[in-house]
Amino acid sequence: DVDAETAVCMIYDAFTKQDDEEKAARLGRKNAQIMDRLAMLQSHQRALVQNLRDAHVVSELAAREAGAFLKHAQKALNSGRPGFPRALTPEVPLLIFRISQGASSSGTCYLSATQILFVTTYVPLVGSTRVMLFDLDMIDFQVDESVPASLLNPFPNTMNVVLPRSREVLFSFRPTIGPTRLYKFLKIIQSFTN
């Protein structure tokens with residue numbers, strides 16, 4: 001014979017076990033749905049990058065921008081150094097944004113599907129332009145958050161272009177967009193080049 005309290009405990013344990021099994025099954029299905037959505041999102045991102053990368057074939061504007069990118073790339077000062085691309089080809093910029101380097105230099109960064117190009121001009125010297133080009137497969141990025149923001153320094157955080165193994169800084173710049181957000185975007189683009 002089983003008394004009433006033991007019977008209630010047995011029924012409660014049975015329901016708890018059944019509920020735990022159902023929760024685990026629901027969680028497994030939800031995780032599978034999330035992974036499928038994530039795979040679809042990554043596939044969509046990859047397709048967007050590829051479409052923009054190949055836009056110079058169908059768009060006159062994209063072809064012009066790719067030509068301008070190549071013209072700048074041919075003037076790169078870091079040719080033959082670590083991080084420089086093996087070959088120069090017309091690249092359609094996916095993202096163009098302003099950068100600064102210290103107090104005396106500002107410029108523009110062009111990010112393509114496989115390369116990043118920095119074109120900077122020294123303010124005191126009119127016409128003094130410096131071009132640096134890096135292959136996204138050969139470099140890494142790091143955000144330096146050691147300087148706090150202030151009224152006189154609204155964009156304090158710098159980003160560094162570094163060699164992956166030695167962490168040697170090849171180029172340092174201050175983007176006008178949020179460095180942390182830019183870092184995440186750069187990592188997404190780099191994941192497509194590998």
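Atoms considered below: every heavy atom in the structure, side chains included; atoms not considered: hydrogens, waters and symmetry mates. It should be emphasised that the depicted structure is a prediction, and the values quoted were computed from it without experimental measurement.
For the atom pair CG of Asn51 and OG of Ser59, the computed distance is 12.5 Å after rounding to the nearest 0.5 Å. Expressed to the nearest 0.5 Å, how far OG1 of Thr129 lies from NZ of Lys75 amounts to 7.5 Å. Rounded to the nearest 0.5 Å, atoms OG1 (Thr114) and CD (Glu91) are 3.0 Å apart. Here CD of Gln101 is found 10.5 Å from OG1 of Thr121. Values are rounded to the nearest 0.5 Å. Atom-to-atom distance recorded for Glu21:CD and Thr16:OG1 is 11.0 Å, nearest 0.5 angstrom. Note: Asp36 CG to Asn31 CG = 11.0 Å, rounded to the nearest 0.5 Å.
Both Tyr183 and Val49 sit in one connected hydrophobic cluster of ILVMFWY residues. Membership requires side-chain heavy atoms under 4.5 Å apart, directly or through other members. Both Leu52 and Leu182 are members of a single hydrophobic cluster when ILVMFWY side chains are connected at heavy-atom separations under 4.5 Å. Ile116 and Leu163 fall within the same hydrophobic cluster, defined by Ile, Leu, Val, Met, Phe, Trp and Tyr side-chain heavy atoms under 4.5 Å apart, directly or through other members. In the hydrophobic clustering of this structure, Val143 groups with Ile177; members are Ile, Leu, Val, Met, Phe, Trp, Tyr whose side-chain heavy atoms approach within less than 4.5 Å, directly or through other members. Note: the hydrophobic cluster containing Val131 does not contain Val161 (ILVMFWY, side chain heavy atoms under 4.5 Å, direct or indirect links).
Contact of the Leu94 side chain with the Ile189 side chain is registered, since non-hydrogen atoms from C-beta on lie closer than 4.5 Å. Using a 4.5 Å heavy-atom cutoff, the side chains of Thr180 and Lys184 are in contact. Put simply, the side chain of Gln50 does not reach to within 4.5 Å of the side chain of Phe192, judged on heavy atoms. Between Met10 and Asp13, every side-chain heavy-atom pair lies at or beyond the 4.5 Å cut-off. Using a 4.5 Å heavy-atom cutoff, the side chains of Phe141 and Val162 are not in contact. At a threshold of 4.5 Å between non-hydrogen side-chain atoms, the residues Leu186 and Met159 count as touching. Inter-residue side-chain proximity for Leu136 and Leu111 is flagged as met; some heavy-atom pair is nearer than 4.5 Å. Within the 4.5 Å cutoff, no side-chain heavy atoms of Leu133 are placed close to those of Tyr110.
Environment of CD in Gln33: crowded, with over 12 heavy atoms of neighbouring residues, nucleotides or ligands closer than 6.0 Å. Other residues, nucleotides and ligands contribute over 12 non-hydrogen atoms within 6.0 Å of the CZ atom of Arg26. Heavy-atom neighbours of Glu5 CD from other residues, nucleotides or ligands within 6.0 Å: at or below the threshold of 12. By the 6.0 Å contact criterion, CZ on Arg167 is enclosed, its count of non-hydrogen atoms from other residues, nucleotides or ligands being greater than 12. Counting non-hydrogen atoms of other residues, nucleotides and ligands closer than 6.0 Å to CZ of Arg98 gives a total above 12.
Contact detail for Ile99 and Thr120: the closest heavy-atom pair is CD1-CG2, 3.8 Å. For the residue pair Met138 and Phe84, the shortest heavy atom distance occurs at SD-O, 3.4 Å. Residues Glu65 and Ile96 come closest through the heavy atom pair OE1-CD1, 4.1 Å. Here the closest heavy-atom approach between residue Asn160 and residue Ser172 is recorded as OD1-OG, 2.8 Å. Considering every non-hydrogen atom in both Val92 and Arg53, the closest pair reads CG2-O, 3.6 Å. Of all the heavy atoms in Ile139 and Gln190, the pair that sits closest is O-NE2, 3.0 Å.
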Residues Phe69, His72; criterion side chain to side chain contact (heavy atoms under 4.5 Å, CB included); working and verdict: CA-CA 5 Å; Phe69 186 95; His72 283 305; 6.0 Å; no
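Note on Lys23 versus Asp19: salt bridge recorded, some NZ/NE/NH1/NH2 to OD/OE distance being below 4.0 Å. Remark: Asp140 engages Lys187 in a salt bridge, criterion side-chain N to carboxylate O under 4.0 Å.
Met35 belongs to no multi-residue hydrophobic cluster, having no ILVMFWY side-chain contact under 4.5 Å with any other such residue.
Between the Ser43 side chain and the Ala39 main chain, no donor and acceptor come within less than 3.5 Å of each other. A donor-acceptor pair under 3.5 Å links the side-chain atoms of Asp135 to the main chain of Asp137, judged by distance alone.
Listed by chain and residue number, Phe171, Phe173 satisfy the ring pair (Phe, Tyr, Trp, His ring centres under 6.0 Å) test with Phe118 (two or more places apart in sequence, or in another chain).
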